[in-house]
Structures are given as C-alpha cells and as structure tokens.
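What follows is one structure encoded as structure tokens, with my remarks underneath.
What you see is a predicted model, and the numbers here were worked out from it, not measured in a lab. We count residues from 1, following the sequence as given.
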Amino acid sequence: APNELLQTGGKLIADSNYVYALRGEDQKNFYRHSNYDTSSAWQAFATLPINVGEGTDVVLDSSYVYVLQGNGGSGNSSTFRHTLSDTSSAWATFTALPAAVYTGGAVAVDNNYVYVYRGNNSTNTYRHVITTTTGAWDSFSALPNAPASYGGDIAIDSNCFYVIGE
C-alpha cells in the first residue's frame with residue numbers, strides 16, 4: 001500500500017479485478033490496486049472505525065469486503081464490512097461479537113452468513129446473517145479442541161465449516 005508496509009495483523013486478498021491490502025499494526029488503513037493497470041495508484045478506502053491488529057482477517061464476497069478486528073484497540077470484538085463498489089463510503093459495523101477475538105482469529109463468508117473463529121486457543125465460533133449488520137451473533141457449540149493460538153483459519157463449503165490451526 002502507498003508508502004506503508006503491511007505489518008503485524010496486515011492482510012492481502014485478491015479477486016479478479018483488485019488486490020486489497022489491510023495495513024494492520026493498530027492502524028485503520030485499507031487499500032486496493034487494480035490487477036490490470038500496474039502503473040495506477042493505490043485507492044484508499046474510508047478508514048476503518050477501529051484499529052486492527054494481530055488476529056485480524058479479511059474475506060471478500062461479490063459485493064463486500066469483511067474485516068475482523070483482532071487485537072487492534074479496545075473491545076477486540078468488532079467485525080466490519082464495506083461495499084467493493086465505492087471506496088469512500090463509511091464502513092458498516094456488525095453487532096459486537098459475544099467475546100473478544102485475538103491472535104489466530106479468522107473470518108469466512110458464504111451466501112448467507114459471515115463466520116468468525118475467535119482464535120487464541122478458544123473453542124468459540126460464531127455466525128451472523130449477511131443481510132444486516134444488526135442483531136445477535138449465533139454461537140456454535142464449543143469445538144472439541146482449541147485449534148490454535150496463532151494462525152487459525154476457517155473455511156466453508158456447501159455443507160460444513162472447518163476450523164484449523166497450528
């Protein structure tokens with residue numbers, strides 16, 4: 001991203017049109033760059049409402065980018081989304097997660113829900129409908145084992161979601 005390095009908690013993700021960069025290290029910066037015009041400038045999104053840090057994660061669907069806060073700043077229980085079509089609009093904030101997310105946190109999305117793994121040796125996973133940012137998160141039954149303190153991830157197929165860690 002422009003004149004800044006991705007740091008602790010920073011993430012890169014891409015779709016067919018852009019590469020997206022979340023700075024991390026207790027910052028609020030998010031950018032995108034065209035995959036087709038390497039000489040064009042990075043485009044800054046509106047700044048995130050809260051700093052992000054370790055445990056943050058980023059995922060895309062066809063309309064939105066979703067950011068999990070992680071250890072960046074107070075609360076550590078925020079999830080945000082932003083439309084991909086307009087970089088200047090404000091980020092929407094989901095209702096706070098039932099518990100804080102730390103190192104190893106992860107986020108995934110399908111056609112109906114955004115899913116969060118809490119990280120930090122936790123056995124907690126949650127989901128929220130993607131049609132609104134309001135309302136409570138659903139809590140899943142506890143995982144049988146805590147999968148990760150660092151490097152957790154969550155993946156989805158049409159029938160299940162999977163949580164892995166180191």
Side-chain angles (χ1 to χ4, degrees), residues 1-2 4 6 9-37 40-73 75-102 104-119 124-140 152-163:
E4 299 173 359
L6 296 180
K11 298 287 180 175
L12 288 174
I13 192 167
D15 63 17
S16 60
N17 296 310
Y18 296 96
V19 60
Y20 299 87
L22 178 65
R23 182 163 182 219
E25 193 64 29
D26 294 326
Q27 300 293 318
K28 300 178 181 182
N29 308 100
F30 191 81
Y31 306 94
R32 75 177 178 189
H33 195 284
S34 170
N35 288 340
Y36 302 105
D37 183 3
S40 66
W42 284 86
Q43 297 174 316
F45 278 70
T47 56
L48 284 150
I50 295 176
N51 294 346
V52 297
E54 292 181 25
T56 193
D57 202 11
V58 179
V59 68
L60 303 168
D61 67 15
S62 61
S63 300
Y64 294 97
V65 58
Y66 299 82
V67 173
L68 182 63
Q69 179 189 1
N71 278 350
N76 301 350
S77 58
S78 297
T79 307
F80 311 101
R81 80 172 176 197
H82 197 287
T83 180
L84 295 174
S85 63
D86 175 15
T87 59
S88 63
S89 62
W91 288 82
T93 303
F94 282 84
T95 303
L97 287 156
V101 173
Y102 294 103
V107 65
V109 66
D110 66 12
N111 293 330
N112 300 303
Y113 297 97
V114 57
Y115 298 84
V116 170
Y117 166 60
R118 194 169 153 224
N124 304 112
T125 52
Y126 311 105
R127 75 175 183 187
H128 196 287
V129 295
I130 61 172
T131 54
T132 181
T133 57
T134 61
W137 288 81
D138 298 324
S139 295
F140 287 92
D153 208 353
I154 188 169
I156 300 169
D157 70 14
S158 60
N159 297 312
C160 297
F161 73 92
Y162 305 89
V163 178

From CA spacing to verdict: side chain to side chain contact (heavy atoms under 4.5 Å, CB included), V101, Q69: CA-CA 7 Å; V101 173; Q69 179 189 1; over 6 Å; no
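Judged purely by distance below 3.5 Å, without hydrogens or angles, the side chains of Y115 and D110 pair a donor atom with an acceptor atom.
Residues satisfying the side-chain hydrogen bond (donor to acceptor under 3.5 Å, both in side chains) criterion with S88, sequence neighbours excluded, are D86. Partners of F140 by ring-ring contact (aromatic ring centres under 6.0 Å, His included), not counting sequence neighbours, listed by chain and number: F161. V19 pairs by the side chain to side chain contact (heavy atoms under 4.5 Å, CB included) definition with L12, A14, H33, N35, W42, not counting sequence neighbours. By the ring-ring contact (aromatic ring centres under 6.0 Å, His included) test, F94 pairs with H128, W137, sequence neighbours left out. By the ring-ring contact (aromatic ring centres under 6.0 Å, His included) test, H82 pairs with F45, W91, sequence neighbours left out. Residues passing the side-chain hydrogen bond (donor to acceptor under 3.5 Å, both in side chains) test with Y20, sequence neighbours excluded: D15. By the side-chain hydrogen bond (donor to acceptor under 3.5 Å, both in side chains) test, T132 is found to be paired with T134, residues two or more places apart in sequence or in another chain being considered. Residues passing the side-chain hydrogen bond (donor to acceptor under 3.5 Å, both in side chains) test with S139: none are found, sequence neighbours excluded. By the side chain to side chain contact (heavy atoms under 4.5 Å, CB included) test, N159 pairs with D157, sequence neighbours left out. Residues meeting the side chain to side chain contact (heavy atoms under 4.5 Å, CB included) test with V59, sequence neighbours left out: Y66, V107, V109. Applying the side chain to side chain contact (heavy atoms under 4.5 Å, CB included) rule to N111 yields no partners; only residues at least two apart in sequence or on another chain are considered.
In this structure a side-chain-to-backbone donor-acceptor pair under 3.5 Å is present from N51 to D26. R118 places a side-chain N or O within 3.5 Å of a backbone atom of A100 that can act as its donor or acceptor partner.
Interatomic distance, Y18 OH to L60 CG, rounded to the nearest 0.5 Å: 12.5 Å. Rounding to the nearest 0.5 Å places OG1 of T87 at 11.0 Å from CZ of F30. Atom OG1 of T93 is separated from atom CZ of F80 by 5.0 Å, given to the nearest 0.5 angstrom. Atom CD1 in I50 sits 11.5 Å away from atom OG1 in T56 (nearest 0.5 Å).
When all heavy atoms of A99 and Y126 are compared, the closest pair comes out as CB-OH, 3.5 Å. The minimum heavy-atom distance linking G135 with T95 is given by the pair O-OG1, 2.9 Å. A108 and I156 get closest at one heavy-atom pair: CB-CD1, 3.6 Å. Across all non-hydrogen atoms, the minimal contact from L68 to G105 is CD2-C, 3.9 Å. The shortest non-hydrogen separation linking V163 to T125 is CG2-CG2, 3.8 Å. For the residue pair R32 and L84, the shortest heavy atom distance occurs at NH1-O, 2.6 Å.
By the 4.5 Å heavy-atom criterion applied to side chains, N124 and L97 are not counted as neighbours. D57 has its side chain within reach of D153: a pair of non-hydrogen atoms, C-beta onward, lies under 4.5 Å apart.
Applying the salt bridge (Lys or Arg N to Asp or Glu O under 4.0 Å) test to every pair with at least one member in residues 125-134, sequence neighbours left out, gives these pairs: R127-D138.
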